[in-house]
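For reference, positions follow the sequence shown, starting with 1. Atom set for the values below is all heavy atoms of this structure, side chains included, hydrogens, waters and symmetry mates excluded.
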Amino acid sequence: MAVELCLLLLLLFCGSTVSEVQPIYKPPPGTLDFGFVPAKTYDTGAYHEPGPIGILFKIVHAFLYLVQPNPFPQDLIRKVAQQKFGNTQGDYQKAIYYEIGFIVSAALGLLFILLLPLVGLCFCMCRCCDNCGGEMHQRQKKNADCQRSCFATFLFVASLIISVGVLCAYAANQHLTSQVRGAKKLVNSNFKDLKVFLNDTPAQIDYLVSQYNTTKDKALSDLNNVGPLLGSRVQEQLGKEVRPALDAALTMAGAIRETKEALENVSVSVEVLQEGTERLHANLTDVKMHLSNTLNDSACSAAQAASTCNIIRNSLNQLNINANFSGLPGVSSQLAKVNDVLKIDLSSLVQKGYAAFNDTPDLVVNQTKNILSDIKNVLESIGSNISSFTKTLPVQKILADLTIYLTQSEAYVQDYFPVVEQYDFYRWLGCLILCCMVVLIVVFYYLGLLCGTCGYDKHASPTTRGCISNTGGNFLMAGVGFSFLFSWVLMIVVVLTFVTGGNVEKLVCEPFEDKTLFKVLDTPYLLNQHWKNYLSGMLFKNPNINLTFEKVYSDCKENKGIYTSLHLEHLFNINEFLNISMYTEDVALRIEHIQINLSKIILLDEIGKENLLNFSSSGIDGINFGAYLTEINKSVTKVDLLSFANDLEARADQLPKGALENALKGHANNIRMIHNQQVVPLEQAMSTLNQSIRLLKRTSSELMVKVKNVISAVNAAQLLINNNASLVIVQETKKYMDTIVGYFEQYIDWVKESIAMEVAACKPIANVIDTAVDIFLCSYVTDSVNTFWFGLGGSSIFLIPAIIFAVKLSKYYRRMDTEDVYDDVETIPMKNTENGNNGYHKEHLYGIHNPVITSSVEQW
């Protein structure tokens with residue numbers, strides 16, 4: 001079955017198509033989502049919680065540690081398994097040293113078994129001879145009450161301890177029975193998990209195979225989008241050179257238009273300024289003439305106005321224009337040349353270059369149609385090969401065989417489980433009888449203590465004790481008798497279960513828990529002297545494979561896949577039958593043969609380049625920018641007319657009221673009007689001229705060098721496309737190829753992880769081992785058996801002091817035939833009693849010679 005199971009779980013790896021070929025390059029492709037491998041939850045929880053009785057189990061474990069504190073004897077077990085035990089003289093010494101605690105304890109138990117019946121026989125014969133407390137006569141002692149109380153107390157304590165022990169034994173007996181009856185549910189749960197384990201495997205195989213479609217669909221999607229993916233990558237790499245060159249050409253086209261606008265603004269602004277300054281000069285001349293006439297009036301001759309008029313008269317020279325635009329050179333020739341340049345739409349030519357370059361993805365699509373079709377056919381063939389290969393494997397047959405075997409095993413267990421329960425009932429009944437033996441003894445002791453204590457009359461003499469007290473004494477002696485009859489039988493059972501259960505706990509359960517037992521099983525040449533590793537030799541017929549029980553159990557305990565746990569690749573290596581690397585190599589080879597020609601892309605034709613050169617020779621760099629800037633930097637008038645008008649009006653207010661004051665204020669208003677109507681427009685025209693001149697100056701600065709740089713950049717980008725694009729295409733094609741191949745590598749890695757951790761997770765196998773050894777053998781059986789002998793053994797041992805105290809105490813409860821009587825001759829009259837009354841009777845048989853009584857009788 002093991003080999004078939006290995007084959008089955010190896011077959012599920014057929015869907016993995018795991019490739020051991022190292023990836024050429026791992027770009028960051030889009031992460032594929034393969035979902036989760038379908039897996040059902042196993043019901044079996046291989047853990048047992050004993051409940052309150054677990055406290056007793058821990059006490060028994062502590063006792064066993066005291067009896068046997070030695071570590072697990074790995075060397076001795078190996079020698080026993082290899083049948084080499086006893087070959088060296090020290091083997092028996094080591095075994096005795098390891099088992100010394102059990103040997104000593106068993107020896108004491110055997111002494112108990114041999115001596116106690118013998119002591120009981122001797123005790124019985126001794127009492128028949130009226131010895132050993134057999135005589136029905138009790139000595140009178142002063143501390144009789146104290147002794148009776150002490151014996152009763154000690155017997156009660158011993159009985160309590162015996163009762164606790166028998167309760168522990170009874171609880172362990174009941175626990176074992178209840179666990180055996182409940183084991184059927186646990187066994188069924190394990191069989192159910194194994195069936196789920198088998199039935200779930202085909203679905204997992206199909207899921208692994210089907211997820212190839214996820215990889216294929218993603219690869220096909222990228223192939224169908226070769227333009228946006230590969231073409232865009234090529235375009236992006238070439239764009240690092242092409243786009244800056246086209247951007248520079250487009251910027252230069254914009255500069256040509258801006259230059260034209262600036263030249264037009266200069267031409268118009270100069271004309272406006274020339275005409276405006278002429279009108280302004282004439283108006284200012286008229287204002288000066290009229291002001292001079294006003295100041296020549298006789299009113300200015302008065303003492304109060306003379307100084308003010310003189311100040312105003314002296315400031316008239318400031319009313320004059322400052323900037324002279326009549327001598328500035330014209331720009332008509334430069335404007336004419338720029339207009340000729342603009343007859344050719346350079347921006348349109350550059351946009352054509354952009355459009356041609358942006359068509360790179362379409363060029364890639366058109367030039368890779370045939371190759372991509374071949375690649376798609378390869379991808380389809382991979383999927384069909386995987387599906388056809390998996391169908392050729394006899395998965396269903398092996399699963400069916402294993403299911404039949406599992407069903408037969410389950411039926412066998414179900415058929416024999418009633419037999420197990422029947423035998424367990426016999427065991428339970430036998431253990432119950434043993435407990436009842438102890439209970440019978442304890443009941444006699446308790447009844448004896450109860451009757452003796454309740455019926456005891458301290459005023460009654462030993463010969464006149466009541467019936468209840470006498471019955472209590474008889475119960476105690478009955479308990480003693482049954483103790484001698486049953487104790488050796490109890491101890492035989494205790495010794496046998498102690499030696500068996502204790503060694504199972506120490507040699508199986510404890511080393512299984514700390515996995516020491518697996519280390520012993522993994523010893524080379526242990527189970528087969530010709531096999532280094534037994535498990536691999538049994539499964540693969542190759543004992544040199546490093547496959548250990550401990551590793552398999554640990555992996556299954558962690559719910560790893562059985563393919564990884566059992567190293568099934570040594571039995572059936574899928575890579576030998578289906579290696580996806582040859583398909584990925586084929587895909588990569590076909591992608592590498594992709595040839596893309598981008599020579600049809602024209603960034604800027606010769607007309608555009610000639611247009612740029614014509615612009616550079618338009619003559620704008622010959623404009624006398626200094627002359628323009630000199631006049632522009634001047635103010636329109638020598639004085640601010642608004643300030644002059646305000647000052648004139650202020651000085652008019654200093655004059656006496658009259659015609660002179662009003663005339664000067666009128667002139668001030670006239671100056672303000674000239675400023676608003678003529679100076680402000682001239683200032684705006686000068687601002688426009690200033691901006692245009694400065695723009696032309698910036699544009700003309702090293703214009704020839706700038707144009708040549710633009711043309712050189714365009715030529716370099718065109719050269720890159722024509723001559724060096726193939727290198728870029730090869731590099732980007734390789735990245736594109738690695739992206740496609742990367743999807744398959746993701747699929748491979750996912751399958752590896754799924755096979756290792758999820759597919760055919762062998763937790764049920766570990767659960768079966770845990771159920772059989774840890775739960776059933778150790779927790780159910782061994783712990784219960786050890787607790788049984790622990791309780792029964794303790795009760796048996798405490799029967800010894802109980803016998804002693806019961807014998808001693810019964811003397812104080814039973815009715816005696818004779819007793820000691822002490823009469824004071826001098827003070828107490830002699831009492832002559834009949835037979836059966838107080839006195840010393842049957843002296844010749846039971847009494848002790850009393851000289852007082854004797855002398856009295858003789859006298860009588």
Side-chain angles (χ1 to χ4, degrees), residues 230-263 331 333-364 367 595-623 625 692-733:
L230 178 57
S232 296
R233 288 180 178 176
V234 173
Q235 184 182 22
E236 181 181 356
Q237 293 299 321
L238 295 176
K240 295 177 181 179
E241 297 289 338
V242 172
R243 293 190 184 279
L246 292 178
D247 290 343
L250 190 61
T251 301
M252 191 59 68
I256 295 174
R257 291 192 300 270
E258 291 176 353
T259 300
K260 174 193 173 184
E261 294 175 358
L263 289 173
V331 292
S333 61
Q334 290 88 346
L335 180 59
K337 292 181 180 180
V338 171
N339 286 329
D340 292 338
V341 171
L342 287 174
K343 290 179 181 179
I344 297 175
D345 191 354
L346 181 61
S347 298
S348 177
L349 297 178
V350 174
Q351 290 299 335
K352 288 181 180 179
Y354 273 117
F357 181 68
N358 292 333
D359 287 339
T360 301
D362 295 334
L363 290 175
V364 172
Q367 297 181 23
Q595 299 292 332
I596 301 174
N597 186 2
L598 302 180
S599 60
K600 294 181 180 180
I601 297 176
I602 303 299
L603 300 179
L604 186 64
D605 57 15
E606 295 300 325
I607 296 176
K609 297 175 185 177
E610 184 178 357
N611 188 258
L612 287 174
L613 293 175
N614 292 335
F615 173 64
S616 66
S617 61
S618 61
I620 60 173
D621 53 344
I623 298 174
F625 297 105
S692 299
I693 287 297
R694 293 186 183 278
L695 175 62
L696 292 172
K697 184 178 180 181
R698 288 195 302 271
T699 304
S700 64
S701 177
E702 298 181 352
L703 179 60
M704 182 62 71
V705 175
K706 293 178 181 178
V707 170
K708 289 182 178 180
N709 290 338
V710 170
I711 295 174
S712 298
V714 172
N715 290 335
Q718 188 68 56
L719 182 64
L720 174 65
I721 292 175
N722 294 339
N723 299 332
N724 298 329
S726 58
L727 178 61
V728 175
I729 292 171
V730 168
Q731 294 175 347
E732 294 306 319
T733 301

Between [atom1] on residue [X] and [atom2] on residue [Y], distance to nearest 0.5 Å:
X	Y	atom1	atom2	value
K706	T251	NZ	OG1	11.0 Å
I693	I623	CD1	CD1	6.0 Å
E258	L695	CD	CG	6.0 Å

Can you name the side chain to side chain contact (heavy atoms under 4.5 Å, CB included) partners of N709, sequence neighbours left out?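 Listed in chain order: V705.
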
What pairs with K697 under side chain to side chain contact (heavy atoms under 4.5 Å, CB included), at least two apart in sequence or on another chain?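 Result, side chain to side chain contact (heavy atoms under 4.5 Å, CB included) vs K697: F625, L629.
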
So which atom in A262 and which in S692 form the shortest heavy-atom distance, rounded to 0.1 Å?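 Taking every non-hydrogen atom into account, O-CB, 3.6 Å.
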
Any heavy-atom pair between the side chains of I711 and L613 that's under 4.5 Å?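 A side-chain contact exists here, since the closest heavy-atom pair is under 4.5 Å.
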
